[in-house]
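Notes for the one structure printed next.
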Amino acid sequence: MPELPEVEILARHLRPLLRGRTIRSVDVRRVKILKPTSLRRFQKVLTGAKFTGLSRRGKYLLFGLEKSGKKILLLGHLGMTGKMFLALRNEKLPKHAAVVFDFGKANFIYEDTRYFGRMTLDLSAVEKLGPEPLDKKFSAAEFAENLKRSRQPIKVKLLDQSLVAGIGNIYAGEALFLAGISPRLSANRLNLAQVKKLHRAIRNVLTVAIKFGSTVPLKFLSGKSDGLFYFGRAAGTPDFYEERLRVYDRAGKPCANCGRPIKRIVQAARSTFYCPHCQNFH
DNA sequence: AACGCCGCCTGATCGC
DNA sequence: TGCGATCAGGCGGCGT
């Protein structure tokens, strides 16, 4: 599941590939993912528009475009299974291609097996996001203030995108392990020292994940081979962040710190992995 | 207004 | 062996 680091890696990959490309036509193969933008408006606004920039906010991609001097913002989200990539026009479209932008000799494809993602002109989702965790504006003081108002388990609260943007199931668990905090502890029960530790751990985990190429290899975020557009580190190289995960998907395996088995529990219908010994309740 | 629960989707896995 | 049932999971919407 793509989280902040994965989306950041993808944004860096796509930015130079998209810049200057003009959309000749827009093929929407699954209208649902445009919601709440209508198919008619989506096609009308984007046909003839030129990509000018690409940034990231939380787990969202913000595509900047321009058309007859007018600026357009297009929002993308990968959901659970989304991928975005360029492919030659004569290549066969993937089974679950949702949106295809025609660039001429190449296509820009957004495909999404489960269709949980989005490609839309509606920006309201981004306006509701909390601070960027790697931004200076993400302060421990404000973080502490917001945690005080919640009685949810801290792991569940970290998934709330209005608290901090971009954290998902994997990095929530990793940050809590690094901070030595139990995922089951109520958000409002963290003391100031723990909040500061967690604040630091979040930034650390995300920064290192980006540096090491994120948990999900780029090839899974941007299509199979990406053909001649393939970039960066070769798929399968041993330095993907996945191999550095301390707790995620490691149930029964030894804790990197104490050697005792990592435990799996379910919180808010999602898997949580943690070390009951190193992450105590206080 | 914080919070829990449902629905959206498909593919992988499970049980018989 | 084959097939239906179950599960996973980010997030918006809705009811309390």
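Chain letters run A, B, ... following the sequence lines, proteins first and then strands; every chain starts at 1. Nothing here was measured: the structure is a model prediction, and the numbers come from that model. Basis for what follows: all heavy atoms, side chains included, without hydrogens, waters or symmetry-related copies.
With rounding to whole Å, A:Leu163 atom CG is found 11 Å from B:dC3 atom P. Atom P of nucleotide C:dG12 and atom CG of A:Leu123 are separated by 13 Å, given to the nearest angstrom. Here the P atom of nucleotide C:dA8 and the CD1 atom of A:Ile170 are 16 Å apart, to the nearest Å. What separates CG of A:Leu78 from P of C:dG10 is a distance of 13 Å, to the nearest Å. Here the P atom of nucleotide B:dA12 and the CG atom of A:Asp249 are 16 Å apart, to the nearest Å. The interatomic distance linking A:Lys128 (NZ) with B:dA2 (P) rounds to 15 Å, in whole Å. Taking atom CD on A:Gln267 and atom P on C:dG9, their separation rounds to 12 Å, with Å as the unit. The CG atom of A:Asp160 sits 16 Å away from the C1' atom of C:dG9 (whole-angstrom rounding).
By the neighbour-count criterion of 12 heavy atoms within 6.0 Å, atom NZ of A:Lys50 is sparsely surrounded, having that number or fewer from other residues, nucleotides or ligands.
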Per-nucleotide protein contact string for nucleotides 4-11 of chain B, where B marks a base within reach and S marks sugar-phosphate only (heavy atoms under 4.0 Å, - for neither): S---BBBS
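A:Leu192 belongs to no multi-residue hydrophobic cluster, having no ILVMFWY side-chain contact under 4.5 Å with any other such residue. Through direct or relayed side-chain contacts under 4.5 Å between Ile, Leu, Val, Met, Phe, Trp and Tyr, A:Tyr274 connects to A:Ile265. With side-chain heavy atoms closer than 4.5 Å counting as contact, directly or through intermediates, the hydrophobic cluster containing A:Leu129 also holds A:Tyr60, A:Leu62, A:Leu73, A:Leu75, A:Leu123, A:Val126.
The ring pair (Phe, Tyr, Trp, His ring centres under 6.0 Å) test applied to A:Phe273 returns A:Tyr248, not counting sequence neighbours. For A:Pro16, the side chain to side chain contact (heavy atoms under 4.5 Å, CB included) criterion is met by no residue, not counting sequence neighbours. Under the ring pair (Phe, Tyr, Trp, His ring centres under 6.0 Å) criterion, A:Phe42 pairs with no residue at all, not counting sequence neighbours.
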When the side chains of residues 250-263 of chain A are checked against the rest of the protein, which donor-acceptor pairs come out under 3.5 Å, sequence neighbours left out?
unit_1	atom_1	unit_2	atom_2	d
A:Arg250	NE	A:Arg246	O	3.2
A:Arg250	NH2	A:Pro254	O	2.7
A:Arg260	NH1	A:His277	ND1	3.1
A:Arg260	NH1	A:His277	NE2	3.3

At a cut-off of 3.5 Å, list every protein nitrogen or oxygen paired with a nitrogen or oxygen from nucleotides 14-16 of chain C, distance to 0.1 Å.
none

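Taking only side-chain nitrogens and oxygens, A:Lys157 never comes nearer than 4.0 Å to OP1 or OP2 of B:dA2. For A:Ser271 and C:dG9, the shortest distance from a side-chain N or O to OP1 or OP2 is below 4.0 Å. Between A:His77 and C:dC11 there is a side-chain N or O to OP1 or OP2 distance below 4.0 Å.
Nucleic acid contact for A:Ala268: none, since no nucleic acid atom lies under 4.0 Å from a heavy atom of the residue. Contacts of A:Arg151 with the nucleic acid, taken as non-hydrogen atoms under 4.0 Å apart, involve only primed sugar atoms and P, OP1 or OP2.
The terminal axes of the helix from B:dA2-C:dT16 to B:dC16-C:dG2, fitted over 5 pairs per end, subtend an angle of 50° to the nearest 10°.
Side-chain contact check for A:Thr120 and A:Asp122: no donor-acceptor pair (N or O, by modelled atom type) lies under 3.5 Å.
Set against C:dA8, B:dC3, C:dC11, the side chain of A:Arg264 has C:dA8 as its closest nucleotide. Listed candidates were C:dG9, B:dC3, B:dA2. Nearest to the side chain of A:Ser150 is B:dC3.
In this structure, A:Phe101 has its ring center at least 6.0 angstrom away from the ring center of A:Phe63.
Screening residues 182-202 of chain A for salt bridge (Lys or Arg N to Asp or Glu O under 4.0 Å), with sequence neighbours left out, gives no hits. Residue pairs meeting the ring-ring contact (aromatic ring centres under 6.0 Å, His included) criterion with at least one member in residues 116-136 of chain A: none, sequence neighbours excluded.
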